[in-house]
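Here the structure is laid out as structure tokens; the discussion comes afterwards.
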Amino acid sequence: MTSPPSPRPLSPCRKVCRIEPSQSLCEGCGRTLDEIAGWGKMTEADKAPVWERIEAEGYVVSEGISARGG
């Protein structure tokens, strides 16, 4: 039996704020500058695809811990 997924943190930010110039993504959380800037105003529905993308790309694995480091 699998346990229910743990709730996501309020933000994927890991306080490792470095933008990868070639992709315009934060190395810490995997969000774009626009996503970072607008996060506080986004609804949960707006955040859902961002969470799904960064989780799929390995930035967040469980309990808000990043697998990509940085």
Subject >> Selection residues 10-32 - residue pairs positive for ring-ring contact (aromatic ring centres under 6.0 Å, His included), sequence neighbours left out >> reply: none
**OP:** Name all residues meeting the side chain to side chain contact (heavy atoms under 4.5 Å, CB included) criterion together with S11; count only those two or more places apart in sequence or in a different chain, and write none if there are none.
**Re:** C13, R31, W39
Original post:
Of all heavy-atom pairs between D46 and V50, which one has the smallest distance, and what is that distance?
Top reply: O-CG2, 4.0 Å
Subject >> I54 with I36, same ILVMFWY side-chain cluster at under 4.5 Å >> reply: no
Original post:
Does a side-chain heavy-atom distance below 4.5 Å link Y59 with P12?
Top reply: no
Subject >> side chain to side chain contact (heavy atoms under 4.5 Å, CB included) between S24 and T32, worked out >> reply: CA-CA 6 Å; S24 297; T32 66; 5.8 Å; no
Original post:
Taking it one step at a time, do K47 and E35 satisfy salt bridge (charged side-chain N to carboxylate O under 4.0 Å, His left out)?
Top reply: CA-CA 9 Å; K47 293 176 183 177; E35 290 165 345; over 6 Å; no
**OP:** Indicate yes or no for a side-chain donor-acceptor contact from Q23 to the backbone of E20 under 3.5 Å, with no hydrogens or angles considered.
**Re:** no
Subject >> Worked verdict on I19 versus L25 for side chain to side chain contact (heavy atoms under 4.5 Å, CB included) >> reply: CA-CA 5 Å; I19 302 301; L25 295 176; over 6 Å; no
